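First the structure, in the form of structure tokens, and then the observations on it.
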Amino acid sequence: VKISVKANLYKKGEAKITVKAAGETTLCLRIPKWARDFAVFVNGDKVVFDSVKGYALVKVRDCDKVTVSMPMKVERKILNGKAEYERGPIVLARDERFGEDLGLPVVVPKKAGGAVAKLVKNIMEIIAVQLDLGRQKERFDFIKSFVDNAEKWGYNTIILYIECSIRTKVTPFFDEDDTYSLEELKVIADYIENKGLNAIPAFENFYHIEKLLQYKEAASLSEFKDERIEGRGWSSERFKRGAVGCTSNPEFNKFFDAYVTEICSVFHGKYVHMGLDEVFEFAECPRCKARLKAGETKKGIFFSQVMHDYELAKSMGKTMLMWDDFFEYYDIVDALPRDIILCHWNYGFIGSETKGHWTNRVRKDWLSVYDRLGFEYIFCAYGSNASSTYNVDTLTDYALKHKPMGAILTIWERAASFYNGIYPLAALCGKFWNGQIKNFDDKVKVYEEIIGDREIAKLLLENQVLTSCLIGTNIGV
């Protein structure tokens, strides 16, 4: 028997074997303990094999071509209370040679190469910046330059906040001047992914859907005919039907399931962000009130919608992300599946723990709660118009005392300001979360590179500017 082996384990997770034999013989293929989804194919067909003492027994004949598949995905685990990362037989774990400050990201030496360097590039799996495509339409040259800069600054993920801004089979009535076609979105997603970055679509399918509800074709999906009269009066004339959809309408989730699924078809990553934040005003229409009268609760309705979105994500083979702010109103976190990734945003100054959102009505050390319950989570900082750093600095300091799997710099609608004002902070966050910022002078250098003037860079960093998003209860005790 002669056997030739061509292995490409570290790049493709597979080895190819060609057999020369006089008759039928049995290959004994070792199954590594670290292997996940171990499979064997003979001449392209997957085979069922017996496993004896850690070996796969596979019968083969002359000229058979055998492929052994053992995909090597990065897995994050906890070892001795610290994060460790495994990829196949390679393990990255903390030890004393990294020093005592175990909360800081690992810095990889420039000369490091191979699989280990790729594995340890970031101690956090996701280092993301968000681009808001939902609130205003951007030029393609700007979007590409934004992605180019994000890559240069060290981000490995782009969150594309889509909301209700894509023309699909169920939304052909969307205004072309205010939205993107699915083909245009595919160009954007491909541009990101072809750079080796992750592209994560971010939706809303409960609240913040006013751009959809403004159209007469979608009017039946709203809770209100005129939110200004029937609701709290928050809506403008353009968005008079409000921002919340009626989950009691069986057509509502049917519509959004089709919308989300079609859009996700152009993204190849494993994550989808389903939103679910700031659902202030729901269960106010006659259909929803009938559910409450029958014994349901708003907490139950909120939980049902979260679980519906969770099952939708699973049906697409994706892991769901969601904002966590509404746990302050309806604390359903104990009941949620542990493979939902929670996105903890907090845009104020952070002390020993985050403050409650909006009116500080509920204040919890949420990241400690998530650690105790076994959730993975991402902390989300505010992309300040004036590139103020106090939220990023204090939120990062708080989060890294815990076990976040990632960080997002959230950048929202820029209709009244300019992305240029955020670029110094965006550059800083990418480098900071990669462990490249050690002191104040490092910050100044990053700002100077973007602004072109060292003195202005120092002034911005030394004199923090409060923006309207951060003034008031978010800052107070």
Side-chain angles (χ1 to χ4, degrees), residues 132-135 161-175 178-179 201-264 272-294 296-313 315-316 320-327 329-330 332 413:
D132 188 344
L133 301 181
R135 311 290 176 81
Y161 182 72
I162 289 170
E163 203 178 89
C164 301
S165 63
I166 308 299
R167 301 191 300 279
T168 66
K169 292 177 182 177
V170 295
T171 55
F173 49 85
F174 278 1
D175 183 354
D178 197 34
T179 59
F203 297 94
E204 294 286 358
N205 71 341
F206 197 174
Y207 201 69
H208 290 306
I209 59 171
E210 61 273 11
K211 282 190 69 173
L212 167 69
L213 300 179
Q214 69 176 314
Y215 294 100
K216 65 180 187 298
E217 292 87 346
S220 64
L221 303 179
S222 177
E223 281 215 30
F224 305 113
K225 292 182 179 179
D226 192 329
E227 190 274 342
R228 299 169 299 175
I229 299 171
E230 303 163 45
R232 299 187 185 184
W234 290 346
S235 302
S236 65
E237 172 64 28
R238 178 185 176 187
F239 301 123
K240 67 179 183 179
R241 296 189 185 96
V244 65
C246 178
T247 59
S248 300
N249 180 350
E251 295 300 313
F252 180 82
N253 277 324
K254 181 180 177 181
F255 171 90
F256 267 107
D257 289 357
Y259 178 74
V260 170
T261 301
E262 187 175 356
I263 290 173
C264 282
V272 58
H273 200 313
M274 297 303 296
L276 297 162
D277 60 315
E278 300 183 332
V279 194
F280 295 112
E281 188 176 41
F282 75 100
E284 298 293 336
C285 72
R287 274 184 290 202
C288 292
K289 285 184 176 179
R291 292 171 67 183
L292 298 179
K293 189 174 181 181
E296 290 190 64
T297 63
K298 283 194 170 185
K299 179 178 180 179
I301 293 174
F302 178 58
F303 177 73
S304 294
Q305 187 63 24
V306 173
M307 290 305 300
H308 177 90
D309 289 352
Y310 171 73
E311 294 298 336
L312 174 62
S315 73
M316 297 186 293
M320 179 176 122
L321 284 68
M322 66 173 288
W323 304 114
D324 74 340
D325 54 272
F326 234 63
F327 298 157
Y329 280 78
Y330 306 110
I332 61 172
E413 175 183 14

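Note that this is a predicted model, so its numbers are computed, not measured. Numbers here simply count residues along the sequence, with the first being 1.
For Gln214, the side-chain hydrogen bond (donor to acceptor under 3.5 Å, both in side chains) criterion is met by Arg238, not counting sequence neighbours. The salt bridge (charged side-chain N to carboxylate O under 4.0 Å, His left out) search around Lys211 returns Asp178, not counting sequence neighbours.
For the pair Glu210/Ser235, no side-chain contact is recorded, criterion being any heavy-atom separation below 4.5 Å from C-beta on. Considering only heavy atoms from C-beta on, Phe327 comes within 4.5 Å of Met322 through its side chain. Residues Met316 and Val260 meet the side-chain proximity criterion, which asks for heavy atoms closer than 4.5 Å. The closest side-chain heavy-atom distance from Trp323 to Glu204 is below 4.5 Å. Counting heavy atoms from C-beta outward, Cys246 and Arg287 have side chains that approach closer than 4.5 Å. Taking 4.5 Å as the limit, every side-chain heavy atom of Lys299 sits out of range of all side-chain heavy atoms of Phe302. Proximity of Asp175 to Tyr215: side-chain heavy atoms (C-beta onward) are separated by under 4.5 Å at one or more points. Contact of the Phe280 side chain with the Val244 side chain is not registered, since no non-hydrogen atoms from C-beta on lie closer than 4.5 Å.
Taken from CD1 in Ile166 to CG in Leu133, the straight-line distance is 7.0 Å, to the nearest 0.5 Å. Rounding to the nearest 0.5 Å places CG of Leu276 at 9.5 Å from CG of Asp325. Atom CG of residue Leu221 and atom NZ of residue Lys254 lie 11.5 Å apart, to the nearest 0.5 angstrom. Put simply, CD on Glu227 and CZ on Arg241 are 13.0 Å apart, with the number rounded to the nearest 0.5 Å.
Ile209 approaches Phe256 most closely through the heavy-atom pair CG2-CZ, 3.8 Å.
Relative orientation of the Phe206 and Phe282 rings is perpendicular, given thresholds of 30° and 60° on the angle between their planes.
A side-chain donor-acceptor contact under 3.5 Å links His208 and Glu278.
A salt bridge links Lys298 to Glu284: at least one charged side-chain nitrogen sits closer than 4.0 Å to a carboxylate oxygen.
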